[in-house]
Q: 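Following this message is one structure expressed as structure tokens.
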Amino acid sequence: MRSTAVLLALAFAGACADEAPPEAPPPPAVVAPTPAPGPAAEPTPARAPALPPLGETEQARVRTLAETFAKGGCTDEPVQALRALTAVHGDQGPLRKAQLLMFEACQDAVGKAELLARTLPADADADARLQMGAAWIRAARYDEAVAVLRPLSVEQGPASKAAWLAGFATFHAGDPEAALPLLEGARAQAPTDRSDAWLLIGLSKLHAGDADGAVAEFEAGNAAVPGDRSMLQGLARGYAALGRTEDARTTTLAARAAHEGAAAKEQAAYRLSALATQLRTAHKDGDLETLEKTFDMMWPMAPTKLRAQMLAVRAAAYDRAGRPEDAAASRAQAQALPQGDTAP
């Protein structure tokens, strides 16, 4: 902010040249010293207005919405209804639980993490803070995750789950050197069904100039999880750093083949996402014919969790079309789905 210039007016008092000087100068004025200002009092923070409580009708509505989300439903109508309620009543009572179910059903990791952060008590215990850090990681908000998990890792020690997650977040926040001791100390806390430990520790060692150590990590990871493209890419980089040119070339070709396979899967996922948008649009527009055609195209490639959401959309569309028996059949089909999020 630019400062405003202050103009000082100088007043001069004196006698005219043709007047006789006074017999004696007047005594100087005595000016009382200005007391130094004391410390400014801190303003009292204004209390937030109390939120209106949920009435019985609203509580029943929240329960219905929560049940919808618990079944995997993520359609515009219940989402907007819950948002309207939280805009008035905040996160109090059952609204927090309903929102968590909504974010889970809609796969909104950022919304879930922000809700947890908003409602995290100042005296939250270690488990709650660990869940908070993990939620920031799932939302790819790594700086926020580091801020929660690094202090917790100091409290719980270098071999703790908090230390592993702190190292994971620190690595993805762009500081692999700081991540390395955390990851190595808590290696046993890494997921056993994925290549996280070997990959992240290997990349951190490669960044620190320890190519031999990095290659050892990548080779162990490739043996445990064959065909992982990220692992193969890291291994090729490690071989190149050691001057093992032929090994680097062979591994690069293997990484390329793995990348092409992963690209095909990603393309299928994009196609499924586009169809899901089309399904929701058809439901919103009341276009049951397009909805059913889209549903049939999606079903063979949809994992179980998405199938549950699809059935919820179709049931709502049948309700709107005045076909209660078909709606009930879709809900019964959703209830019969196997638990989990695996592809059929």
Side-chain angles (χ1 to χ4, degrees), residues 86 90-92 95-210 213-214 216-218 220-221 224-225 228-231 233-234 237-238 305 340-341:
T86 56
D91 305 319
Q92 60 179 301
L95 283 168
R96 182 180 183 275
K97 180 180 178 180
Q99 287 181 88
L100 289 173
L101 291 169
M102 177 185 72
F103 292 136
E104 191 69 25
C106 298
Q107 301 179 29
D108 184 355
V110 173
K112 181 177 180 179
E114 290 178 344
L115 172 62
L116 291 175
R118 256 192 336 268
T119 57
L120 186 71
D123 59 348
D125 61 20
D127 286 342
R129 290 153 61 199
L130 186 68
Q131 292 175 14
M132 182 72 259
W136 282 130
I137 288 175
R138 285 191 290 272
R141 298 268 287 270
Y142 299 114
D143 288 333
E144 287 94 333
V146 169
V148 174
L149 293 167
R150 287 297 290 269
L152 188 58
S153 71
V154 173
E155 294 174 22
Q156 297 192 336
S160 63
K161 182 72 172 181
W164 170 259
L165 292 179
F168 185 98
T170 302
F171 178 91
H172 285 88
D175 194 354
E177 291 185 9
L180 182 55
L182 290 163
L183 294 170
E184 286 191 302
R187 180 194 292 268
Q189 300 291 344
T192 56
D193 59 339
R194 300 204 307 266
S195 59
D196 292 17
W198 299 290
L199 180 62
L200 296 183
I201 294 173
L203 289 172
S204 297
K205 287 186 174 182
L206 194 61
H207 186 274
D210 181 7
E217 294 290 342
F218 294 137
V225 189
D228 183 285
R229 60 172 173 163
S230 297
M231 190 73 68
Q233 289 168 343
R237 288 175 55 192
K305 188 173 183 178
D341 191 23

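This one's a predicted model, so the numbers in the text were calculated from it and none came from an experiment.
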Q: Tell me the closest heavy-atom pair linking Ala135 and Ala113, and the distance in Å.
A: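 What the structure gives for the nearest pair is O-CB, 3.7 Å.
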Q: Do you know the tightest heavy-atom contact between Pro158 and Ala163?
A: O-CB, 3.5 Å
Q: Scan residues 169-179 for pairs that pass salt bridge (charged side-chain N to carboxylate O under 4.0 Å, His left out), counting only residues two or more places apart or in two chains.
A: none
Q: Of all the heavy-atom pairs spanning Ser195 and Asp228, show the shortest one and how long it is.
A: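 The answer is OG-OD2, 3.3 Å.
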Q: How would you list, by chain and number, every residue that makes a side-chain contact (heavy atoms from CB on, under 4.5 Å) with Asp210, sequence neighbours excluded?
A: Lys205, Asp212
Q: To check you understand the geometry: which heavy-atom pair defines the closest contact between Gly234 and Leu206, and what is its length?
A: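 That closest heavy-atom pairing would be O-CD2, 4.4 Å.
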Q: Within the side chain of Gln189, is there an N or O that forms a donor-acceptor pair under 3.5 Å with the backbone of Ala159?
A: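 Pair found, side chain donor or acceptor close to backbone of Ala159.
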Q: Do Met231 and Val225 pass the side-chain contact (heavy atoms from CB on, under 4.5 Å) test, and can you show the C-alpha distance, the side-chain angles, and the key distance before you say yes or no?
A: CA-CA 9 Å; Met231 190 73 68; Val225 189; 5.8 Å; no
Q: Which residues pass the ring pair (Phe, Tyr, Trp, His ring centres under 6.0 Å) test with Tyr142, sequence neighbours left out?
A: His172
Q: Just jot down the side-chain contact (heavy atoms from CB on, under 4.5 Å) partners of Gln156, sequence neighbours excluded, or say none.
A: Ala126, Leu152, Ser160, Ala162
Q: Heavy-atom count check: over 12 atoms from other residues, nucleotides or ligands less than 6.0 Å from Arg237 CZ?
A: no
Q: What heavy-atom pair brings Ala186 and Trp164 nearest, and what distance separates the two atoms?
A: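 Of all heavy-atom pairs spanning Ala186 and Trp164, the closest is CB-N, 3.5 Å.
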Q: Please report the closest heavy-atom contact between Glu104 and Lys305, naming both atoms and the distance.
A: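 Shortest heavy-atom contact: O-NZ, 3.4 Å.
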Q: Are any of the side-chain heavy atoms of Leu130 and Leu149 separated by less than 4.5 Å?
A: yes
Q: Which residues pass the side-chain contact (heavy atoms from CB on, under 4.5 Å) test with Arg96, not counting sequence neighbours?
A: Leu100, Leu115, Leu116, Thr119
Q: Among Leu200, Leu165, Thr170, which residue satisfies the side-chain contact (heavy atoms from CB on, under 4.5 Å) criterion with Leu182?
A: Thr170
Q: If you round to the nearest 0.5 Å, how far is CZ of Phe171 from CG of Leu183?
A: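 Here the interatomic distance stands at 8.0 Å.
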Q: Restricting to pairs with a member in residues 120-138, which pass side-chain hydrogen bond (donor to acceptor under 3.5 Å, both in side chains), not counting sequence neighbours?
A: Arg129-Glu155
